[in-house]
There are 2 protein chains.
Amino acid sequence: MNYKDSFREYLGKHGLKVTQQREVILDEFLAAGSHLSTEELYRAIREKNPHIGYATVHRTLKLLAESGLAAPRHFGDGHTRYECSSEEQHHDHLICTICGAIVEFENPGIERLQELVAAKHGFVIEQHRLEIYGRCAACLAGKGK
Amino acid sequence: MNYKDSFREYLGKHGLKVTQQREVILDEFLAAGSHLSTEELYRAIREKNPHIGYATVHRTLKLLAESGLAAPRHFGDGHTRYECSSEEQHHDHLICTICGAIVEFENPGIERLQELVAAKHGFVIEQHRLEIYGRCAACLAGKGK
DNA sequence: ACAAAAATTGATTTTCATTTTCAATAAAAA
DNA sequence: TTTTTATTGAAAATGAAAATCAATTTTTGT
């Protein structure tokens, strides 16, 4: 099942309607680079679809998040960003404090240690968030944008 | 050097003044439990000092953060929380999604793996944030508040 | 101690991302 | 097609954080 069908199925199961706007927003969300803010996606959509409003983009991103197709992220700049999350497994982020570059990474060792820490405190993990802030190679070399 | 002197020193070095309000707010910040939001600290202060305004609490918490005495944290409820950070070393957090309990932990193994990950991507780490969300022992046992 | 200079206070206003409202419109069901 | 129900989008509301500014307090200079 592809993204579009997944979303249609989610909408159907929840008594929601499949609309042109929702289809367009999903398409643009998938086409655009990851980690876009609502504002950034809204502007990208506007270029080809000037009739779609900000509120609709905002509501549709929340729907995509609820359906599991998008995952909201917060990297400290005051904007909620969404990334495509349907097929990829969990990952964390390296964020450059100079140029804002975002690099995804996975590390099973860290995950395992988290489980140990949680168990030691009697917690059962539901989710976690690890963000590492620093300077990327390009910025360290003075070549950052 | 104690907290109060540290803060006075920071104020002096930056051409800022030692005021009654700043002293009171620092005292209450130290006396109150950790991870309080501006609103929560403001209310605690108000009980004994009804003359201190919200804006002053807000500004003083930012000053404490700048001076290194307090560290701002975001746990996803839309409120910036501050914890005392002058003597303690870095730590991360376990947060219960049921009762909101916050447990601090340290894990050198995780830190070391983060360094390896960062190095692999050419990053030099400035800071990081790890939050593990789940259910605490009390809530799992049905005894959560 | 007194006056002048400089910073702080706190009630209020502003900002800004996000969320809600509601009349008009579109989609699904009858 | 008609009825029912949800969606849209412009505008307004919300709420935490930050800024404003006249009055006040602290500090400095005499």
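Chain letters run A, B, ... following the sequence lines, proteins first and then strands; every chain starts at 1.
- Of all non-hydrogen atoms in B:Thr80 and B:Pro72, the two that sit nearest each other are CG2-CB, 4.0 Å.
- Of the candidates B:Glu104, B:Glu40, B:His79, B:His35 forms a side-chain hydrogen bond (donor to acceptor under 3.5 Å, both in side chains) with just one, namely B:Glu104.
- Nearest heavy atom pair, residue A:Cys139 against residue A:Cys96, reads SG-SG, 3.7 Å.
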Test side-chain contact (heavy atoms from CB on, under 4.5 Å) applied to B:His58 and B:Tyr42, step by step: CA-CA 8 Å; B:His58 172 263; B:Tyr42 170 68; over 6 Å; no
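- When the shell of 6.0 Å around CZ of B:Arg135 is examined, it contains 12 or fewer heavy atoms from other residues, nucleotides or ligands.
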Intermediate values then yes/no, side chain to side chain donor-acceptor pair (under 3.5 Å), A:His93 and A:Glu131: CA-CA 5 Å; A:His93 298 87; A:Glu131 289 142 29; 5.9 Å; no
Side chain to side chain donor-acceptor pair (under 3.5 Å) assessment of A:Tyr133 paired with B:Arg129: CA-CA 8 Å; A:Tyr133 295 87; B:Arg129 186 162 67 218; 3.2 Å; yes
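- Taking side-chain N and O atoms only, B:Tyr54 has no distance below 4.0 Å to OP1 or OP2 of C:dT12.
- The pair B:Arg8-B:Glu23 meets the salt-bridge criterion, with a side-chain N (NZ, NE, NH1 or NH2) lying under 4.0 Å from an Asp/Glu carboxylate O.
- In this structure, the NE2 atom of B:His79 is 12 Å from the C1' atom of D:dT14, given to the nearest Å.
- A tilted orientation is assigned to the rings of A:Phe105 and B:His121, their planes being inclined by 30° to 60°.
- We find that CG of A:Leu61 is positioned 14 Å from P of D:dG9, with the value rounded to whole Å.
- Within a 6.0 Å sphere centred on CD of B:Gln20, heavy atoms belonging to other residues, nucleotides or ligands number 12 at most.
- Atom C1' of nucleotide D:dT25 and atom CD of B:Glu23 are separated by 14 Å, given to the nearest angstrom.
- Remark: B:Glu47 does not engage B:Arg43 in a salt bridge, criterion side-chain N to carboxylate O under 4.0 Å.
- Within residues 35-52 of chain A, no residue approaches DNA chain C, by heavy-atom distance under 4.0 Å.
- An OP1 or OP2 oxygen of D:dA17 is reached within less than 4.0 angstrom by a side-chain nitrogen or oxygen of B:Thr80.
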Chi angles and distances behind the side-chain contact (heavy atoms from CB on, under 4.5 Å) call for B:Tyr3, B:Cys84: CA-CA 10 Å; B:Tyr3 297 92; B:Cys84 189; 3.6 Å; yes
Below 3.5 Å between N/O atoms, which protein atoms pair up with nucleotides 26-30 of chain C? Just atom names and distances, please.
from   : atom 1 : to      : atom 2 : distance (Å)
C:dA27 : N3     : A:Lys17 : NZ     : 3.2

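- Taking all atoms of both residues into account, the shortest heavy-atom contact from B:Thr60 to B:Arg22 is OG1-CG, 3.9 Å.
- Within residues 5-15 of chain A, no residue has a heavy atom under 4.0 Å from DNA chain C.
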CA sep, side-chain torsions, deciding dist, call: A:Thr97, B:Glu126, side chain to side chain donor-acceptor pair (under 3.5 Å): CA-CA 9 Å; A:Thr97 54; B:Glu126 290 172 349; 2.8 Å; yes
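- Look at CZ on B:Arg22: it is 12 Å from P on D:dT26, rounded to the nearest Å.
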Protein N or O to nucleotides 20-22 of chain C N or O, pairs below 3.5 Å:
from   : atom 1 : to      : atom 2 : distance (Å)
C:dT21 : O4     : A:Arg59 : NH1    : 3.3

Under 3.5 Å, which N/O atoms of the protein pair with N/O atoms of nucleotides 28-30 of chain D?
none

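- Nearest approach of B:Ile125 to B:Gln114, heavy atoms of both residues: CD1-O, 3.7 Å.
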side-chain contact (heavy atoms from CB on, under 4.5 Å) evaluation trace for A:Arg81 with A:Thr38: CA-CA 7 Å; A:Arg81 295 176 180 283; A:Thr38 307; over 6 Å; no
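- Taking the C1' atoms of five terminal pairs at each end of the helix from C:dA1-D:dT30 to C:dA30-D:dT1, the two resulting helix axes are inclined by 20°, rounded to 10°.
- Across the protein-nucleic acid pair, A:Asp77 atom CG and D:dA17 atom C1' stand 15 Å apart, rounded to whole Å.
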Residue pair B:His91, B:Glu83: steps toward the side chain to side chain donor-acceptor pair (under 3.5 Å) verdict: CA-CA 11 Å; B:His91 58 254; B:Glu83 66 183 27; 2.7 Å; yes
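- When rounded to the nearest whole Å, the span between CZ of B:Phe75 and P of D:dA16 equals 18 Å.
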B:Leu41 and B:Glu28: CA distance, side-chain angles, deciding distance, side-chain contact (heavy atoms from CB on, under 4.5 Å) verdict: CA-CA 8 Å; B:Leu41 184 61; B:Glu28 290 291 333; 4.2 Å; yes
